[in-house]
Amino acid sequence: MTEAERIQPGDAIHIGPPLTVDRYGPAARANHWVTAASLILLAISGLALFTPSLFFLTDFFGGGQNTRMLHPWFGIVLFVSFFVFFFQLWRANLWTRTDFVWLSRIGDLIAGHEERLPELEKYNAGQKFVFWAMSGLILILIVSGVIIWDQYFADATAIGTKRIAILAHSVAAVLIICVFILHVYAGIWTRGTLRAMTRGSVTGGWAWRHHRKWLRKLAGQHRVGPAE
Amino acid sequence: MMRPDSPRTAAANPPVQPMETNLTERDLIRRSATSSLPPPERQLTEVAKLIDVSKCIGCKACQSACIEWNDTNPAIEENVGVYTNPHDLTADMYTLMRFTEWVNPETDNLEWLIRKDGCMHCSDPGCLKACPSPGAIVQYSNGIVDFVHENCIGCGYCVKGCPFNIPRISKVDHKAYKCTLCSDRVAVGQGPACAKACPTKAIVFGTKEDMKKHADERIADLKSRGYANAGLYDPPGVSGTHVMYVLHHNDKPHIYADLPDNPRISPVVETWKGVTKYVGLAFMGVAAAGSLLHGILGRPNRVTEEDEEAAEELVERKPEARV
Ligand code: SF4
Ligand code: SF4
Ligand code: SF4
């Protein structure tokens, strides 16, 4: 794969001032909000059926029958929106040797010594982990989810298969909620990240601090957008 | 005369004067998705329906009686060359005669096995364990496991929990249906409709104790007639049931249209409803609480002025990058 492929089509520097860097275009951001909203709705409706202590959450969807009916449709939305995303981002999330080095020094990152870590492209190992974990878990969830979608597929599989599917579905759901918490918290902890999801851009300093190689490449490849 | 807490037979004609229901919320010993159920104030006598497979002639009077009493309308289906009709239990057919032609390898005789399938009213009901909706499945202290349709959300978890493949979800109202053991009749002193309708008394109803005694007599009779393996099917894997069979071949229940030899709640279901739930909640709780704590106590990763300057400088240093 050539280096240029690693740079996403929409990424560009705006000289400013202030200096900003585009990370996500409007379509990608809109899609990300669809992904986020459907994942949150799925978590709430799913947790309601996961444990009796959270069954009251079905009230948000107009009762248990509606929750049961809506949950799989939220899942379809998540699956479609995430996999649109997936095909845009997977190349940039391929694992590299630098990621091992970065991971081995993750303690420095948490302790506030990010300068001791290697320079990175658009995604760090943590972001890549979230990306692949989400991809794998969403695949498990959609397959197991369809198997237990009795409204339409009750007769398609045997009960033994459905039992395994429902166990896999609940384990994968627990894991994806944990990954989701990690993802959101990392975005909050790393100040200046959320604007990539609202405005689509980050400050030059943010790019320098967290994804310096990416910034260097953009600068080196004349990826400069029109001033705002 | 004191009214017994449950009818002792299905044969007698019931009292005709109006009666208060004898099965109330206070008689529940289990309620789905409910951890804090107050213990019942009284213990009702355990009841049971005993189905003597050796006496059944396959007339389906019980099926008709069940349809009649529960006012269901099973669809009229095609004859596909077997007597079993409809093809399976449905949300409108709570009980089904399953016909099996079996050649006994010892005698080379063709035996026509007819088993009345339906809910077994397990003492340890997998359906209830799996159900996520509070109060959609209940168990009374007399042993009846009943579905409360107002609370059912149609998720089909009970179908996965049941070791006997009994509950069916209606395509019309998306609720789960199965044999009620005629709880609405038993509550007012009447035996189940199917037992009452059975012309050969292959289905009898009474206290579980009486039914076991009656079964013993039947088994002794069958043994005296050469069925050495005759026995009572009251499977311990689900802590016994409140619908029991007398089987002439109790050593191999599976020959009766796949009646499970050793039914129990599937370990997969136990794992899903047990360890997954507790460990899962702990995981999610730790992840959420950990993030929150770190957010409050930890130092955020902030971009500094120097970072911004360094970025400016990098971009400046590449004048060719400016169009
Ligand atoms: S379908 Fe109804 S009875 Fe069955 S598990 Fe779901 S809520 Fe409970
Ligand atoms: S046979 Fe199935 S539906 Fe009936 S009580 Fe047992 S587990 Fe529940
Ligand atoms: S006990 Fe009642 S509901 Fe159950 S099979 Fe007999 S008639 Fe039908």
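Each chain gets a letter, A, B and so on, in the order its sequence line appears, and its residues count up from 1. When reading the values below, keep in mind they use all heavy atoms of this one structure, side chains included, and skip hydrogens, waters and symmetry mates. Owing to the predicted nature of the structure, the values given are computational and were not obtained by experimental measurement.
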Separation of B:Cys155 SG from A:Gln65 CD (nearest 0.5 Å): 9.0 Å

To the nearest 0.5 Å, how far apart are CZ in A:Arg163 and OG1 in B:Thr271? 11.5 Å

Do you know which two heavy atoms are closest between A:Gly205 and B:Ala311, and how far apart they sit? N-CB, 3.8 Å

Of all heavy-atom pairs linking B:Arg299 and A:Ala111, the shortest is NH2-O, 4.1 Å

Quick one: which of B:Ser133, B:Cys131, B:Ala130 has the most heavy-atom pairs under 4.5 Å with chain A, could you say? B:Ser133

Nearest 0.5 Å, what's the CD1-OG1 distance between A:Ile166 and B:Thr276? 11.0 Å

Heavy-atom cut-off 4.5 Å, strictly under: side chain, backbone, both or neither for B:Asp173 against chain A? backbone

Heavy-atom distances under 4.5 Å only: say whether B:Cys162 touches chain A with side chain, backbone, both or neither. backbone

Does atom CZ of A:Arg191 have more than 12 heavy-atom neighbours from other groups under 6.0 Å away? yes

Using side-chain heavy atoms (C-beta onward) and a distance below 4.5 Å, is B:His294 in contact with A:Ile188? no

Quick one: what part of B:Pro163 sits under 4.5 Å from any heavy atom of chain A, side chain, backbone, both or neither? backbone

Any side-chain heavy-atom pair of A:Leu19 and B:Glu308 under 4.5 Å: no

Measure the shortest side-chain to side-chain distance between A:Ile148 and B:Lys160 over non-hydrogen atoms and say whether it is less than 4.5 angstrom. yes

Answer yes or no: is there a side-chain heavy-atom contact under 4.5 Å between A:Arg209 and B:Arg302? no

Would B:Val279 and A:Val174 count as a side chain to side chain contact (heavy atoms under 4.5 Å, CB included) here? Give the steps. CA-CA 9 Å; B:Val279 174; A:Val174 165; over 6 Å; no

Student check: side-chain heavy atoms of B:Asp307 and A:Thr203 closer than 4.5 Å: no

B:Glu305 atom CD, neighbour heavy-atom count above 12 within 6.0 Å: no

Heavy-atom nearest pair, B:Trp272 first then A:Ser170, reads CD1-OG, 3.4 Å

Roughly how far, to the nearest 0.5 Å, is CE of B:Met284 from CG of A:Leu175? 9.5 Å

With a sphere of 6.0 Å drawn around OH of B:Tyr83, does it hold more than 12 non-hydrogen atoms of other residues, nucleotides or ligands? no

When you look at CG of B:Asn262, are more than 12 heavy atoms from neighbouring residues, nucleotides or ligands closer to it than 6.0 Å? no

Report the distance from atom CG of B:Asn165 to atom CD1 of A:Ile159, rounding to the nearest 0.5 Å. 3.5 Å

Under 4.5 Å from any heavy atom of chain B, what part of A:Phe50 do you find: side chain, backbone, both or neither? both

Nearest 0.5 Å please: distance from the OG1 atom of A:Thr51 over to the CG atom of B:Leu281. 5.0 Å

I'd like to verify something: which residue of A:Thr190, A:Leu182, A:Leu49 has the highest number of heavy-atom pairs under 4.5 Å with chain B? A:Leu49

Based on non-hydrogen pairs under 4.5 Å, which of B:Ala33, B:Gly298, B:Ala136, B:Ser291 is most in contact with chain A? B:Ser291

Student check: side-chain heavy atoms of B:Phe283 and A:Ile177 closer than 4.5 Å: no

Heavy-atom proximity to chain B below 4.5 Å, by part of A:Glu114: side chain

Are B:Ile153 and A:Thr58 side-chain neighbours, meaning at least one heavy-atom pair lies under 4.5 Å? no

Whether over 12 other heavy atoms sit under 6.0 Å from B:Ile296 CD1: yes

Under 4.5 Å between any side-chain heavy atoms of B:Lys277 and A:Ser53, yes or no? no

Out of A:His210, A:His71, A:Arg68, return the one with the most heavy atom pairs under 4.5 angstrom to chain B. A:Arg68

